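Keep in mind that this is a model prediction, so the values were computed, not measured. First the proteins, then the strands, lettered A, B, ... as listed; each starts at 1.
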Amino acid sequence: MEAEEEADDSLLPDLPNVEAYDEVRMRAAPNPNGPWHLGHARMPAVIGTYKEMYDGSFIVRFDDTDPETKRPDLTAYEAILDDIDYLGFEPDDVIRASDRVETYYDHARDLIEMGGAYTCSCSGEDFSNLKNNGKPCPHRDKDAETTLDEFEAMVAGEYSSGEMVLRVKTDIEHKNPALRDWVAFRMIDTPHPREEAESYRAWPMLDFQSGIDDHLTGVTHIIRGIDLQDSAKRQQFVYDYFGWDYPEVVHWGHVQVDAYDVKMSTSSIKELIDAGELDDWDDPRAPTIKSLRRRGIRGQAIVDAMVGLGTSTSNVDLSMSTIYANNRDLVDDETDRYFLVRDGESFAVEGGPDTAHPPLHPSFEDRGARDIPVGDAVRLESGDVPAEGDRVWLKGFGCVRRESDTLVHTGDDLDVVREGDVDVIHWVPTEGVQVRMRTMDGDVTGVAEPDFGDVSEDELIQFERVGFVRVDDRDDDETVVYFAHK
RNA sequence: GCUCUGUUGGUGUAGUCCGGCCAAUCAUAUCACCCUCUCACGGUGAUGACCAGGGUUCGAAUCCCUGACGGAGCACCA
């Protein structure tokens with residue numbers, strides 16, 4: 001009954017043919033060639049949500065089968081698992097393709113014995129020409145015996161890169177050229193960065209490795225991008241040889257995120273970091289999961305936005321404002337308020353109380369109030385400075401009138417604010433906490449009120465009229481905060 | 001060129017399978033007002049979409065045809 005209720009308010013479309021399986025089992029199959037960008041959050045968000053909807057399971061499988069062009073980054077394995085944890089999901093199992101190479105070899109041998117694959121030494125160009133004309137290459141009719149010998153030589157590393165591949169025998173005249181006799185294994189001279197896998201030279205291609213693993217790990221539902229639209233059809237040939245049933249497949253389009261100058265791709269972010277244009281993967285200007293995390297955005301806010309995109313096959317644009325709105329909703333109640341004045345201008349103050357006591361949170365007065373000593377002078381943001389003779393209400397302090405470079409307390413009642421005659425602004429005493437606020441548009445410096453000095457690292461607060469920030473690093477000279485959103 | 005595939009307001013999404021309850025849902029965005037000692041939160045309202053043209057039908061966002069525009073694959077990347 002509970003399951004029914006959950007399914008009712010599900011945010012995602014039903015998965016196909018769920019009734020046919022005892023348990024819905026899915027997988028995320030990242031390539032660990034770097035930490036995740038924002039778009040990567042979609043997979044755990046969606047399969048994690050489906051797992052909850054159907055009481056199913058999902059595994060993380062690192063598809064690290066290209067030690068050269070998509071060379072794995074040894075730190076990325078943990079970084080990715082860490083990102084998934086931050087998003088609020090826990091995989092039921094974690095495996096690495098580079099640990100399973102022998103399994104792929106075994107299946108290749110079986111396939112060869114069934115006559116489903118042949119070794120081929122054509123150059124890529126030659127084969128492509130033949131294939132595009134629906135013509136078989138001379139190696140296609142090789143007997144299984146010879147193929148097996150040559151495959152064992154591949155496994156033994158007796159060929160160099162480009163000299164020999166193993167192809168799956170599909171249908172060389174298939175109307176879709178993308179499906180004709182595709183490569184299952186190729187030689188790579190560069191050793192794998194993982195010690196456990198560094199001796200392998202014959203590596204499976206994605207379609208072979210992934211196809212074998214999906215079956216062996218009991219995956220019932222595959223969710224993947226439209227770039228892999230033909231994968232199921234390619235792998236179906238292997239499944240047919242082995243007599244396996246292919247899992248259900250959902251394809252989704254690409255996600256683009258607005259608001260960033262930086263292209264959302266692992267390689268381009270990496271280049272910018274190497275070039276010193278970004279500090280690291282969690283630079284506020286980087287469209288990465290680590291960056292949003294550092295800015296104080298809850299994983300849940302990202303997950304909700306990703307789930308809201310659904311799983312349609314068309315390409316979609318994700319607005320950062322959706323993530324921000326989700327996050328504001330999540331954190332507004334718990335974030336205390338403080339003042340921060342950016343690029344301030346100082347004014348002497350005359351009259352009025354010695355200290356101001358604005359509340360920590362306007363909706364929760366019982367949390368208490370802040371103590372802001374006024375002293376002889378205060379700082380205002382440039383844009384808030386009143387014209388000569390005009391009044392402005394310093395929040396928590398009272399109404400002042402500007403007379404030259406002095407703000408004179410007028411003693412006006414709060415009614416002047418209620419009637420709309422006077423604007424309420426924030427301010428800080430001249431003695432405050434130096435703040436460096438890191439934003440997507442660069443760093444901003446300013447001064448925060450003294451009580452802000454008590455906020456501990458990693459806490460999320462709101463600078464009134466500025467926005468929500470996460471306190472990142474405190475030291476005696478300066479406090480670094482990361483700007484999340486307004 | 002061959003093969004897949006898509007097109008609902010600024011953005012995302014529901015509805016499309018089984019045509020009428022859709023003068024199209026919800027969220028976000030923008031604007032206005034209310035609340036408020038924040039330009040936050042909350043409340044109210046407004047703005048704004050069925051790619052185009054034919055056809056079938058009493059009736060089409062939904063079915064059929066044609067066209068336009070878009071995305072993807074045709075790698076010894078994943």
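Under 4.0 angstrom from either OP1 or OP2 of B:A75 there lies at least one side-chain N or O belonging to A:S128. For B:C74, neither phosphate oxygen OP1 nor OP2 lies less than 4.0 angstrom from any side-chain nitrogen or oxygen of A:K175. For the pair A:R418 and B:U36, the criterion of a side-chain N or O lying under 4.0 Å from OP1 or OP2 is not met.
With a cut-off of 3.5 Å on both Watson-Crick or G-U wobble distances, the partner of B:U38 is given as none. Pair assignment for B:U7 gives B:A68, based on Watson-Crick or G-U wobble hydrogen-bonding distances that are each under 3.5 Å. With both pairing distances under 3.5 Å, B:U44 is matched to B:A32 as a Watson-Crick or G-U wobble pair. In this structure B:U13 sits in no base pair that meets the Watson-Crick or G-U test at under 3.5 Å. Pairing for B:C21 is absent, judged as Watson-Crick or G-U wobble with the two contacts each under 3.5 Å. Checking B:C2 for Watson-Crick or G-U wobble geometry (two distances, each under 3.5 Å) identifies B:G73 as its partner. Nucleotide B:C50 forms a pair with no other nucleotide shown, judged by Watson-Crick or G-U wobble geometry with both contacts under 3.5 Å.
Between A:D332 atom CG and B:U36 atom C1' the separation is 13 Å, expressed in whole Å.
You'll find that the side chain of A:A325 is closest to B:U28, out of B:A40, B:C37, B:U28. Here the nucleotide nearest the side chain of A:V316, chosen from B:U13, B:G73, B:U11, is B:U13. Among the nucleotides B:A40, B:A29, B:C76, the one closest to the side chain of A:R337 is B:A40. Comparing B:G10, B:A40, B:C77 against the side chain of A:D66 picks out B:C77 as the nearest. Among the nucleotides B:G73, B:G71, B:U38, the one closest to the side chain of A:Q229 is B:G71.
Note on A:S210: nothing from the nucleic acid sits closer than 4.0 angstrom, heavy atoms only.
Comparing A:L309 and A:L179 along RNA chain B, the residue whose closest nucleotide (by nearest heavy atom) sits nearer the 5' end is A:L309.
At a cut-off of 3.5 angstrom, counting only N and O atoms as typed in the model, there is no donor on one side facing an acceptor on the other between the side-chain of A:K395 and the base of B:C37.
The backbone N or O of A:G34 lies less than 3.5 Å from no partner atom in the side chain of A:D73, so there is not a single donor-acceptor pair.
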